Amino acid sequence: MPRPDLMEVAEATNLEAAILWLVQTILGALLPGKLADWLREAGLAGAIEELKYEVERMETVVNGVNGRAVGNKPLARSLARVKELMYDADDVVDELDYYRLQQQVEGVMVAPATEPEGMVVGDGAEQAVASTNTVVMLAPAIEPEGMVGDGAEHADPSASTADISANNGRKNRSKERDYFHITPAVNGQPGRAKCIDCGTQVIFSHGTSVLRKHRNSASCKKKRAAIEEVPNCPSAGDSIQNGATISTYDLEGRKRMRIEYSVSTTTHLWGKADFFIRIQEIALELRSIRGDVIEYLKDSVARSDQYQSNTTSDARVRTSGSLLGRVYGRYIEKQRIMSVIEDAKSDNITVLAIAGIVGVGKTTLAKLVYNDVFVKRQYERIWVWVSNIFDEVRVTREILDVVTMASHEGSCKKESYEGVSNYSKLLEVLKKHMPCLSKKFLLVLDDVCDCMDHSQWDDLLDALGSSCINGNVIIVTSRNLSVAKRLGTVKPVEVRALENDDFLQFFRACAFGDNNYKEHPDTSQQICAKLKGNPLAAKSAVEMLREHPTLDHWKNIIKNGIWESMQLRGGIVTTLKNIYYHLPYHLQQCFLVCSIFPNNHQFHIDGLISMWTSSGFVKSIEVGRDYLNALVNLCFFEQVGTEYDSEQCYVMCGMMHEFARLISRTEFATIDGFECKVLPTVRHLSIQIETNLEYHIDECEILIHNVKFEEKLQSIASSLRRLRTVILIGDDSLFVLKSFHTFISNLVNCTHLRYLKLGKKLINEYLPISLSKLYHLEILDAGCRAIVNDLISMRHLVLTKGACSPSSIARYASLQTIHIEDCKGWEVLTSLESLSSLTKLKLRNMVEVTELLIPSLEELVLTDMPKLYRCFINSVEDLNSSLRILKITSCQVLMSFPLFERGENFEIEQKSWLPNVSKLTVYGCPHLVVSNPVPPSSNFCKFFIANILTLPTMEGSSNGEMKIARHLVLSRFKELSLDDKFLSFHNLKTITQLQIVGLIMSVLSMSPKGLMQLVSLKRLEICYCRTIFSSDVPSTQAHEDMAATVFDALPSLECLKIMYCGITGEWLSVMLQHVRALEELYLESCKKIPGLMIEREDSSFSNLTLAPRASSQGNPDCASKRSCSELLCIPSNLVPSLKKMSIKFCDLTKFQGNKEGFSGFTSLEELSIYGCHELIPSSVHGDEIDEKANGRWLLPCSLGVLDIRGFSLETLQPCFPGDLTRLTVLEVSDINALKSLQLHSCTALEKLTIRYCESLDALEGFQSLCSLKYLEVYKCPGLPQCLESLSTQGYELCPRLESLRIDDPSLLTMPFCKHLTYLQCLQLDGKYGDIDAAGLTWEQEAALQLLTSLQELRFEDYRKLSDLPVGLHSLLSLKRLEIFYCESISRLPPSLEELEVYECSKELAEQCRMLATNKLKVIIDDEYVN
């Protein structure tokens, strides 16, 4: 059997899912409840039960289809008809529920429009007129013979096919049927068809010729002509002012009605007989088509392979070997990835994921990095294409193929796994080969899907981790953001659409072979605007455009639609459809409904989920959040920044908006121009009106109503019968509101409407929109003035400029969310307590509200309420327990909020304060008193407190970060006590980072007992506090408190940073004594720490610090002890864990203790010492003859980075115990007295920086630095001569140097530079030298030409530079030239790829701008020109 087309399989499966979803919707609506009771009272329960029975039977049949419609066109057509019938059934049930609600509101039910028995057949049938004010009692309709009524027996389910043959014709429905109400043949009686225009009934069997004949008759045409003579609608303003009414007709043809000129439905005429007929017609056809489906299934076989992708046919490039052409954009993304690669130095593998939607350029970006010169030179590179099926054996073998070749053992080693297909055995082989690699490895796993489980991934990482070299990197590309986050060890790189300029160049390069092609610029830009910055979409479009490369052909494609044309050709549209069809059906619906919003529309998470819920796509908020997360992970949506920090917003990713519109037109549509086509099947509609569509301006600049557009809306409205969602977005204009009136007034049926949104630009003070009798409406988002009435199903109400009163809102008992902005006339809001379902209340810019009565809520937001001074609460206890989100901002006069009070005014019966609040935001309320400590609970996601009378600025989030700062305005916090009055320390046990920022003169008093409760704290930073604890000396009670918590105190602290603070050495020593495993210690400008020492294991330090300090006056021993106690003593238990130490500008600090000095920090990896003049000299040891003459400074063997500045020594010799060194980075700066730097022991150095050492003229041991790659030397006038002297002695200096930064270009002429064959980057800094010349000398230019490997060259601060070196054109490898703070330029080398200038003259900048080409990127003042 041939393999089925995957797209056909996906579409067939999707059709089955749609039917089953509709079944669940229908059956859910018919569950026992109010509707079922009402149907029983109305006499329709029996008919509905028959429909329900057929729906359930059809569900059973469809569940057994199992993909058999693939290749079986009759079955596929039958299933498509089943879907239509399910929609019909859903509509019938929904309309019945509407009439139930109408009766509930109005207390009446309109009698049947026509009686089933005794009806008049012919043109003279009298039409009854029902006024909306007429009180009519519920009159049961007379059931037609054979119909199923309440208490009647069901129709015989075995009715012969002859009786229902007339209904089978609906599978190929003729349009003539739409103009008749058809009564099928029942119990031998002939079928009848009633014309909806003239009311005539004709005998009907199965053909449509009799229907067509009647429609063409003179009598019917005459009736239709009379109906169509409807007077023009007056303006909305006139209709409201004069009480005008408009006569119109129900296109169902049953009644003539009169409606007010307002956005409301009429009192719909409810005909029981009509519903009987519709229900029976659907049930009978479902029964008939069910038999057809069963018969068709007998000839089909279920396919078990329907979901398997044919990976062998995937056209994606599986290796990195393909030639990578010019890449447009992606500079920032590449730089970020390169930074991660260069920073990867640990023994753990760094995993960086690249995520993005299909075709956006993830693989291209990975190739760009993979083929980088630095990566090629430093890494063993491996590229493996994974795909949507993770074949662990194939992936491992491909990795082994590269590893074995790289280990120089080739085919002989390949035999060790030849023929092995067991994953575990292959991993064992990989483990044996990884240690043989001589370089770090970079592995790219391209196109990884959510098919790799944790155990497979962990096993592969374990095998790859057998490499003996640190700094290995894995790059993963994936379309799934959740996969990227799960596999990555660092934050993933999310690849977005290309910027407009880059994308236009890319498109031109694909289409014309030249990104500067100037023909058809407007046409190219129009096409690019539709492709949304997606490179794969551009390639697919170019393939289509190149078939006929004429301007007319291109314009024709634009007219017909770019995406519509591409969907016939495969390419990106086929790929997107494959991804889309593999989504669950409910997720597809959630995605598609968002397409009716404008491109780049920001969806608030709550509003989005509410819309999905009202449409029936999701059942709960939790499920909606899961759906949204799934769409974000698939890169269909992306999270964006928000105006208000407590809100989360999302947008549809790039081209996904265009794609969604392409495939959603049967049920979702947008009217945004005259050419829009809207199908009658549409259920979700948006009208996006722009000024240029609405008006034209005459010579007097008077805005004239564009009748054409309103006629377009009217014609579309008359064809729509199923609308669930209506969105109007347009400019602030009277015509927009008129157009909306026209559209709603001409809707055939508003009974289904669930969601109505009027854009915020529709603000008109003089013409409010009246909304009433939309009984099913659940969400109203009105950005204009709206008068709302009788919206009894309303769950979410958003009003801007609303004209309704608080009392009118209080009538809607089902309201769950109220969001009101800019509503005037509201002073006291006290009528919301009756809303028992209300969970969210948001008030913004309610300028006249002074008092507010707050019911029990889950979310309360009060923003920009300038006159609000008092809030009342119905039940403090209930609100305290129910609140989840509380935000009060910019309420300048608010003084009373009961939840923030305590004592006699506030008591919660021994319950905790706000125990369930996850988000708390209070700022801009200077008179508000908050008497409770924060955060209120340990479950918080975010809290922010600022500009509050009783609290400092505090901010915290669920990521474990917290910040406390003294507000500049509140001078009362010059003395700040962080105790349990401000902070709930027991709720901060999950905090991992705490930053405390004061001011220079502020005094901080911390509670030691509270501090000890921060058991998860990893990083503590205290800045700008004159005093940290209440006294310089720890009290006896403090010692006891900290000693009592010695086993639980700060067990997780890894980093301690104290800057510009007055903490004493004794207090800091006490703190460190209770830390278990500190890794980083940073001290800056701490003037009260006189010295540093390491605690000996036999030291009595603990005894000293745990005793109160006695007076030392006149007692030398006490003075000695005091001096010892003032030192910062590093406890011996921290020595094995301390990896980084930085001590800056602690002027008096000395090192005291034994001769080991800093080498006692046996695990130290990074050490920085700035401006501590005595610290290094006090730790330097000299010989017995001349102490400190040789400057021998003993450092730990573990040290890798050393940065020292600002001390007084003439000779410095870093040494290591046993001459074992790992020092790779050494920076020496600002040491004017230093004359000799001895580097004999620094043989592992890779980077050496020497700055501002004016006396330095000797670098002893420099010739032994064979691994040096980066050298910076400036403001050291004696070093050039030193280097020249070493070169003349025959030493080959720095044979592997890659980067050189100097201020004296004379170095270029020395023998030292002539042998730099690996040099790639040269930077000449004029700001550090005294160079007044207009350019380099002839000798210097000649020396520069010898650097043939040079790729980057930078001139900085050469103010008088007028000419670049003449010979630069001979440097064929030069790719990037940077010119900073220079004046002019005349020549450029031809091999350049990038040119950057910064802060140069306007003439130079303009000259460089003119040089931008498709081959040369030009950057001027940090911005790309091209």
Side-chain angles (χ1 to χ4, degrees), residues 77 80-81 84-85 87-89 91-92 112-127 144-147 159-229 249-256 269 271 273-289 292 679-681 715 718-722 748-749:
R77 285 195 295 267
R81 180 58 187 153
E84 294 178 12
L85 288 172
Y87 269 129
D88 291 340
D91 289 341
V92 167
T114 57
E115 296 293 335
E117 290 188 356
M119 63 179 61
V120 180
V121 180
D123 296 340
E126 183 177 341
Q127 296 182 343
E145 186 178 358
M147 292 299 291
S160 65
T161 56
D163 292 334
I164 59 175
S165 60
N167 292 290
N168 292 340
R170 288 192 63 178
K171 286 181 282 186
N172 296 305
R173 185 182 182 97
S174 173
K175 65 179 182 179
E176 279 75 12
R177 290 174 175 266
D178 294 333
Y179 301 104
F180 292 85
H181 289 304
I182 298 175
T183 305
V186 179
N187 295 335
Q189 296 296 323
R192 291 177 179 270
K194 179 183 176 183
C195 180
I196 66 174
D197 290 317
C198 66
T200 303
Q201 290 199 27
V202 296
I203 303 299
F204 176 74
S205 57
H206 61 276
T208 59
S209 59
V210 64
L211 307 181
R212 191 179 303 108
K213 182 177 180 181
H214 171 75
R215 293 287 294 173
N216 292 329
S217 67
S219 60
C220 186
K221 288 182 177 179
K222 184 177 180 181
K223 288 280 187 179
R224 294 203 305 272
I227 291 173
E228 291 169 357
E229 291 178 2
Y249 284 83
D250 182 357
L251 292 187
E252 296 284 355
R254 296 188 297 273
K255 278 290 180 182
R256 185 169 185 168
L269 301 179
D274 290 335
F275 276 104
F276 265 116
I277 294 171
R278 291 173 65 189
I279 293 170
Q280 189 187 46
E281 185 179 23
I282 295 170
L284 290 175
E285 189 166 359
L286 279 174
R287 183 186 308 164
S288 174
I289 205 168
D292 295 342
L679 302 176
T681 55
S715 65
S718 63
S719 66
L720 299 176
R721 302 168 182 264
R722 293 174 165 178
V748 171
N749 197 349

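Keep in mind the model is a prediction, meaning the values are calculated, not measured. Each residue takes its place number in the sequence, starting with 1. Only this structure's heavy atoms are used, side chains among them; waters, hydrogens and symmetry mates stay out.
Contact check for V92 versus I279: side-chain heavy atoms found under the 4.5 Å cut-off.
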- Task: Might you work through the salt bridge (charged side-chain N to carboxylate O under 4.0 Å, His left out) test for R278 and E281, ending with a clear yes or no?
- Result: CA-CA 5 Å; R278 291 173 65 189; E281 185 179 23; over 6 Å; no

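Annotation: side chain to side chain contact (heavy atoms under 4.5 Å, CB included) contacts of A193 (sequence neighbours excluded): F180, I182, V202, F204, L211.
Looking at S217, its side chain does come within 3.5 Å of a backbone N or O of H214 through a donor-acceptor pair.
Here CG of L284 is found 13.0 Å from CD1 of I289. Values are rounded to the nearest 0.5 Å. From R722, atom CZ reaches atom CG of D88 across 5.0 Å, with rounding to the nearest 0.5 Å. Atom CG of L286 and atom CZ of R81 lie 9.0 Å apart (nearest 0.5 Å).
Residues C220 and C195 share a closest heavy-atom pair of SG-SG, 3.8 Å.
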